[in-house]
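First up is the structure itself, then whatever we jot down about it.
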Amino acid sequence: MPELPEVETLCRQLNGFLPGAKILGIDILDPRLGKREVEGLAGRKIGGIYRQGKYIRIEMGKRGQNPVISEPGKGQKKIKPKRSDDRLTAALHLRMTGRLLWQTSGGPAPSYTRLIISFATGRLILIDPRRFATFCIRPVETAPALVANPLEELPSQSLKKIAEKRRLPVKSLLMDQRFVAGIGNIYACEILYHAGIDPRRQAGGLSGAEWRKVQKASATVLPRAVECRGTSISDWRDLFGRSGENQNHLEVYSREGKPCHRCRGTIERTKIGGRGTWFCPACQR
DNA sequence: ACATATGTTCTTCC
DNA sequence: GGGAAGAACATATG
Ligand SMILES: [Zn+2]
């Protein structure tokens with residue numbers, strides 16, 4: 001479900017009120033998420049929440065000061081902090097159908113609730129029908145993508161460098177998380193429409209001018225989608241259960257057979273890398 | 001029954 | 001060895 005704009009929306013909303021809150025408890029309702037270590041999270045304070053590609057990173061502070069033991073006649077002795085007392089930055093990935101919901105009213109958790117993190121003022125709920133979402137307390141930190149944050153900038157020069165001699169479709173390059181962090185199927189289709197480039201083109205065959213069009217298209221598409229709080233085409237909702245608005249700006253995604261808004265031609269669908277791909281054959285070359 | 005779904009990862013084959 | 005295609009994960013919908 002969520003790509004960069006949806007994950008960015010959740011991070012901004014969480015950052016609006018959650019930092020400083022103390023975790024009261026964590027319930028894992030889906031064993032696929034892994035049970036271990038999670039108990040140690042109770043008592044920790046939330047730090048910042050930030051986006052890393054499509055990951056939601058949640059900083060969690062220590063549970064309090066390290067315990068100190070007084071020994072008579074020998075002054076004080078610090079106890080070595082346990083590993084579970086270290087700071088950590090958890091990583092949540094929503095994959096295909098994950099959602100987060102902030103629930104302040106009591107009442108039952110929604111269907112497909114997989115994880116509940118409780119605070120004094122409410123609870124944070126992970127809803128995920130397909131159960132692909134992952135939640136890691138101490139994720140292995142991996143090398144950042146070559147373009148770590150395309151919301152800030154998707155530089156044409158970096159793209160051209162990455163694409164050199166590669167024959168994969170330009171769409172697959174944009175969606176490869178090792179290259180560009182955060183772009184998924186909807187926004188790859190939309191960016192290439194705005195850039196006027198056929199998604200099936202070999203990446204290595206694009207000119208500098210064409211990569212500049214991609215950069216410019218991304219600078220239009222991604223910030224607008226964030227302002228719209230994401231694309232609600234099926235059941236995406238923001239942290240407070242509201243639909244996004246970016247579905248009103250889609251030009252090609254899921255619009256097979258419908259008229260192109262620019263040339264009135266027909267939007268077509270094909271498959272690239274196993275994923276549905278929509279484009280206007282007249283406007284995208 | 002089959003195809004499809006906003007994602008990632010592993011296997012297989014060239 | 002790089003890369004591309006396919007399958008797998010689990011569940012719903014048309
Ligand atoms: Zn067109």
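Every chain is numbered from 1, with letters handed out A, B, ... down the list of sequences. Remember, it's a predicted structure, so these values are computed and weren't measured experimentally.
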Which part of the nucleic acid does [X] contact within heavy-atom distance under 4.0 Å: base, sugar-phosphate only, or nothing?
X: A:R178; value: nothing
X: A:P129; value: sugar-phosphate
X: A:G184; value: sugar-phosphate
X: A:K165; value: nothing
X: A:Y253; value: sugar-phosphate
X: A:D128; value: nothing

Does the side-chain ring of A:F132 lie flat on the base of C:dA10, meaning centres under 5.5 Å and planes less than 30 degrees apart?
no
[atom1] of [X] versus [atom2] of [N]: gap in Å, rounded?
X: A:I183; N: B:dG7; atom1: CD1; atom2: P; result: 11 Å
X: A:E164; N: C:dG2; atom1: CD; atom2: P; result: 17 Å
X: A:L94; N: C:dA10; atom1: CG; atom2: P; result: 18 Å
X: A:I272; N: C:dG3; atom1: CD1; atom2: P; result: 18 Å
X: A:Q202; N: C:dG3; atom1: CD; atom2: P; result: 12 Å
X: A:L33; N: C:dC9; atom1: CG; atom2: C1'; result: 13 Å
X: A:R130; N: C:dT13; atom1: CZ; atom2: P; result: 12 Å
X: A:I233; N: C:dT13; atom1: CD1; atom2: P; result: 15 Å

May I ask you to verify whether the side chain of A:R275 and the base of B:dA5 hold a donor-acceptor pair under 3.5 Å?
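Answer no: no donor N or O sits under 3.5 Å from an acceptor.
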Taking the side chain as every heavy atom from C-beta outward, state whether [X] and [Y] have any atom pair closer than 4.5 Å.
X: A:R99; Y: A:Y112; answer: no
X: A:N185; Y: A:K171; answer: yes
X: A:V170; Y: A:L159; answer: no

Report the residue (A:Y112 or A:R32) whose heavy-atom-nearest nucleotide on DNA chain C is the more 5′ of the two.
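It is A:R32 whose nearest nucleotide is closer to the 5' end.
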Under-4.0 Å side-chain N/O to phosphate OP1/OP2 contact, [X] with [N]:
X: A:H93; N: B:dT8; value: yes
X: A:Q177; N: B:dT8; value: yes
X: A:K54; N: B:dT8; value: yes

What's the closest nucleotide to the side chain of A:R131 if the choices are B:dG7, B:dA5, C:dA10?
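Nearest to the side chain of A:R131 among the choices is C:dA10.
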Nearest to the side chain of A:R114, which nucleotide is it out of B:dT8, B:dA5, C:dT11?
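The listed nucleotide nearest to A:R114's side chain is C:dT11.
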What pairs of nitrogen or oxygen atoms, one from the protein and one from nucleotides 4-6 of chain C, lie under 3.5 Å apart?
{"from": "C:dA4", "atom 1": "OP1", "to": "A:L168", "atom 2": "N", "distance (Å)": "3.1"}

Between the main-chain N or O of A:P5 and the side-chain N or O of A:T9, is there a donor-acceptor pair closer than 3.5 Å?
yes
Do A:R57 side-chain atoms and A:A90 backbone N/O form a donor-acceptor pair below 3.5 Å?
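Checked: pair present.
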Looking only at atom P, what distance separates C:dA12 and B:dT8, rounded to whole Å?
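Comparing P positions in C:dA12 and B:dT8 gives a spacing of 22 Å.
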Could you check whether the rings of A:W102 and A:F119 sit parallel, tilted or perpendicular, using 30° and 60° as the cut-offs?
tilted
Can you give the dot-bracket line for DNA chain C, where a pair is Watson-Crick or G-U wobble with both atom distances under 3.5 Å, crossing pairs use [ ], and | marks a partner on another strand?
.||||||||.||||
So, applying side chain to side chain contact (heavy atoms under 4.5 Å, CB included) with A:L126, which one of A:I28, A:L33, A:I116 is it?
A:L33
May I have the step-by-step check of side chain to side chain donor-acceptor pair (under 3.5 Å) for A:Q177 and A:Y55, ending in yes or no?
CA-CA 11 Å; A:Q177 303 300 301; A:Y55 285 89; over 6 Å; no
Positive for side-chain hydrogen bond (donor to acceptor under 3.5 Å, both in side chains) with A:E210, one of A:R201, A:Q215, A:R285:
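It is A:R201; the other options fail the test.
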Ignoring hydrogens and geometry beyond distance, is a side-chain donor-acceptor pair present between A:Y187 and A:T231 at under 3.5 Å?
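Their side chains do contain a donor-acceptor pair, which is all the 3.5 Å distance test asks for.
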For a salt bridge (Lys or Arg N to Asp or Glu O under 4.0 Å) check, start with the C-alpha distance between A:D238 and A:R229, then their side-chain angles and the critical distance, and finish with the verdict.
CA-CA 7 Å; A:D238 71 11; A:R229 300 182 342 281; 3.0 Å; yes
